[in-house]
Amino acid sequence: MAVERILDDPARAAALIAAGGRLDRHSVIMVLDPADAPPSTPLVAGFSIGSMDAAHVSEYGEVISRAYPPEHTDHEPGDADPAVVAVSLERYLRGDEIGPWIGEASLHVTDPSDRIVGLILVNETGASEAFEAGPFVTDLCVDPAAGGNGIGRALIVESANRLAAAARPNMTLVVTVGNPARRVYERLGFRVSGESWRIEVD
């Protein structure tokens with residue numbers, strides 16, 4: 001089984017699927033000029049935002065595992081095991097995947113008991129057919145138990161504002177079609193810059 005990656009060609013994607021290909025992911029690429037991000041707003045009382053720290057990688061693995069259960073549209077097989085997630089996450093923090101970790105824009109949120117309940121991981125990416133060079137949101141997730149507190153919005157806005165302060169270029173992310181998070185990104189000023197399909201074929 002091979003994987004075909006298609007960019008901005010819905011006709012080709014439809015033809016592959018009609019010929020027996022299995023759609024693995026259909027997503028849109030979105031970009032935001034950090035200078036256009038709204039101002040940061042305080043979190044709900046008791047929650048606080050701070051910089052990601054590699055010393056907390058095990059806790060981050062647990063948050064990601066809880067954020068992507070099997071029924072989630074972005075669930076990957078390894079997400080069920082926090083230890084596996086943590087090992088993968090370490091590669092991004094080292095810059096072994098995508099590109100260098102942008103520490104000043106990578107953040108986490110803690111709840112009133114000081115438990116980590118959300119994170120945004122940002123890496124540097126080079127220019128490609130699909131992406132602009134610059135900050136790429138590798139992961140943005142919130143523990144479902146802490147949902148409804150505006151954590152995801154706070155993370156991405158604070159990250160964008162830190163990038164703006166450093167005069168960094170556009171922030172890019174990828175969101176699966178059908179994921180309600182897309183509406184949040186649109187309200188924050190992200191615009192669609194492309195569409196992609198990942199299709200498994202014989």
Side-chain angles (χ1 to χ4, degrees), residues 27-44 47-68 72-76 79 82 85-86 88-95 97-111 114-125 131-132 134-166 168-176 179-190:
S27 56
V28 292
I29 301 157
M30 306 186 79
V31 297
L32 171 71
D33 182 340
D36 294 335
S40 299
T41 54
L43 283 164
V44 173
F47 290 82
S48 60
I49 196 164
S51 297
M52 283 186 73
D53 185 332
H56 295 297
V57 69
S58 294
E59 294 170 83
Y60 299 147
E62 292 171 4
V63 172
I64 293 171
S65 186
R66 290 192 295 269
Y68 298 114
H72 193 286
T73 185
D74 289 328
H75 175 79
E76 298 286 348
D79 292 340
V85 177
S88 176
L89 189 60
E90 285 178 329
R91 293 199 294 269
Y92 289 102
L93 297 179
R94 290 195 304 265
E97 305 282 345
I98 298 180
W101 175 35
I102 304 178
E104 67 269 25
S106 298
L107 311 165
H108 68 225
V109 167
T110 54
D111 67 8
D114 206 33
R115 187 174 68 104
I116 295 171
V117 293
L119 63 89
I120 182 169
L121 171 64
V122 184
N123 288 84
E124 190 79 38
T125 187
F131 304 127
E132 301 177 11
F136 179 80
V137 179
T138 305
D139 207 340
L140 170 64
C141 66
V142 177
D143 187 328
N149 290 298
I151 293 171
R153 182 187 189 282
L155 282 165
I156 203 157
V157 168
E158 179 65 20
S159 179
N161 283 325
R162 294 187 182 199
L163 291 169
R168 299 300 300 272
N170 284 350
M171 181 184 219
T172 302
L173 58 79
V174 176
V175 60
T176 301
N179 188 333
R182 176 176 173 175
R183 293 194 296 272
V184 176
Y185 304 143
E186 289 172 341
R187 287 196 294 269
L188 293 177
F190 280 86

Novice: Side-chain donor-acceptor contacts of residues 55-64 below 3.5 Å, not counting sequence neighbours, with atom names and distances?
Specialist:
| residue | atom | partner | partner atom | Å |
| --- | --- | --- | --- | --- |
| His56 | ND1 | Glu59 | OE2 | 2.6 |
| Tyr60 | OH | Asp53 | N | 2.9 |
| Tyr60 | OH | His108 | ND1 | 2.7 |

Novice: Quick one: list whatever passes side-chain contact (heavy atoms from CB on, under 4.5 Å) with Thr138, sequence neighbours left out.
Specialist: Tyr92, Ile98, Leu121, Asn123, Phe136
Novice: Where do Ala145 and Arg115 come nearest, in terms of heavy atoms and distance?
Specialist: CB-NH2, 4.4 Å
Novice: Determine, stepwise, if the pair Tyr185 / Leu140 fulfils side chain to side chain contact (heavy atoms under 4.5 Å, CB included).
Specialist: CA-CA 11 Å; Tyr185 304 143; Leu140 170 64; 3.5 Å; yes
Novice: Please report the closest heavy-atom contact between Ser27 and Val174, naming both atoms and the distance.
Specialist: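 Minimum heavy-atom separation between Ser27 and Val174: OG-CG1, 3.4 Å.
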Novice: Side-chain contact, heavy-atom cut-off 4.5 Å: Glu97 with Ser88?
Specialist: no
Novice: Should Ser159 and Ser106 count as side-chain neighbours, where that means a heavy-atom distance under 4.5 Å?
Specialist: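 Counting from C-beta outward, Ser159 and Ser106 never come under 4.5 Å.
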Novice: Search all heavy atoms of Trp101 against all heavy atoms of Val122 and return the closest pair with its distance.
Specialist: CD1-O, 3.4 Å
Novice: The criterion is side-chain contact (heavy atoms from CB on, under 4.5 Å); which residues satisfy it with Arg94, sequence neighbours excluded?
Specialist: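 Result, side-chain contact (heavy atoms from CB on, under 4.5 Å) vs Arg94: Glu90, Arg91, Asp96.
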Novice: Distance from Thr176 atom OG1 to Arg182 atom CZ, nearest 0.5 Å?
Specialist: 11.0 Å
Novice: Any side-chain heavy atom of Val175 within less than 4.5 Å of one from Val28?
Specialist: yes
Novice: With side chain to side chain contact (heavy atoms under 4.5 Å, CB included) as the test, would you mind laying out the steps for Glu158 and Ile120 before giving the verdict?
Specialist: CA-CA 10 Å; Glu158 179 65 20; Ile120 182 169; over 6 Å; no
Novice: Taking Ala181's backbone N and O only, do any of them form a donor-acceptor pair with Asn179's side chain (distance below 3.5 Å, no angle check)?
Specialist: yes
Novice: Could you check if a side-chain atom of Arg162 sits within less than 4.5 angstrom of a side-chain atom of Leu107, using non-hydrogen atoms only?
Specialist: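 Yes, close enough: below the 4.5 Å cut-off.
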Novice: Does any part of the side chain of Thr172, heavy atoms only, come nearer than 4.5 Å to the side chain of Ile29, both counted from C-beta?
Specialist: yes
Novice: For residues Ile102 and Leu163, determine if any side-chain heavy atom of one lies less than 4.5 Å from a side-chain heavy atom of the other.
Specialist: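 Side chain of Ile102 against side chain of Leu163, heavy atoms only: contact under 4.5 Å found.
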Novice: Between Ala154 and Ile49, which heavy-atom pair has the shortest distance, and what is it?
Specialist: O-CD1, 3.9 Å
Novice: In Å and rounded to the nearest 0.5 Å, what is the CD1 to OG distance from Ile156 to Ser40?
Specialist: 12.0 Å
Novice: Among all residues two or more places apart in sequence or in another chain, which pass the salt bridge (charged side-chain N to carboxylate O under 4.0 Å, His left out) test with Asp33?
Specialist: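 Applying salt bridge (charged side-chain N to carboxylate O under 4.0 Å, His left out) to Asp33 gives none.
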Novice: Would you please test Leu188 and Val157 for side chain to side chain contact (heavy atoms under 4.5 Å, CB included) and show each step?
Specialist: CA-CA 8 Å; Leu188 293 177; Val157 168; 3.7 Å; yes
Novice: Look up atom OH in Tyr68 and atom OG1 in Thr73, then write down how far apart they are to the nearest 0.5 Å.
Specialist: 10.5 Å
Novice: What pairs with Glu76 under salt bridge (charged side-chain N to carboxylate O under 4.0 Å, His left out), at least two apart in sequence or on another chain?
Specialist: Arg198
Novice: On a heavy-atom basis, which atom in Ala67 and which in Cys141 lie closest, and how many Å separate them?
Specialist: CB-CB, 3.7 Å
Novice: Only one of Leu32, Leu155, Leu173 clears side-chain contact (heavy atoms from CB on, under 4.5 Å) with Val137; which?
Specialist: Leu173
Novice: Applying side-chain contact (heavy atoms from CB on, under 4.5 Å), can you list everything that pairs with Ser48, at least two apart in sequence or on another chain?
Specialist: Thr110
Novice: Do the non-hydrogen side-chain atoms of Met171 and Phe190 ever get within less than 4.5 Å of each other?
Specialist: yes
Novice: Could you tell me the separation between the CE atom of Met52 and the CG atom of Leu89, rounded to the nearest 0.5 Å?
Specialist: 5.0 Å
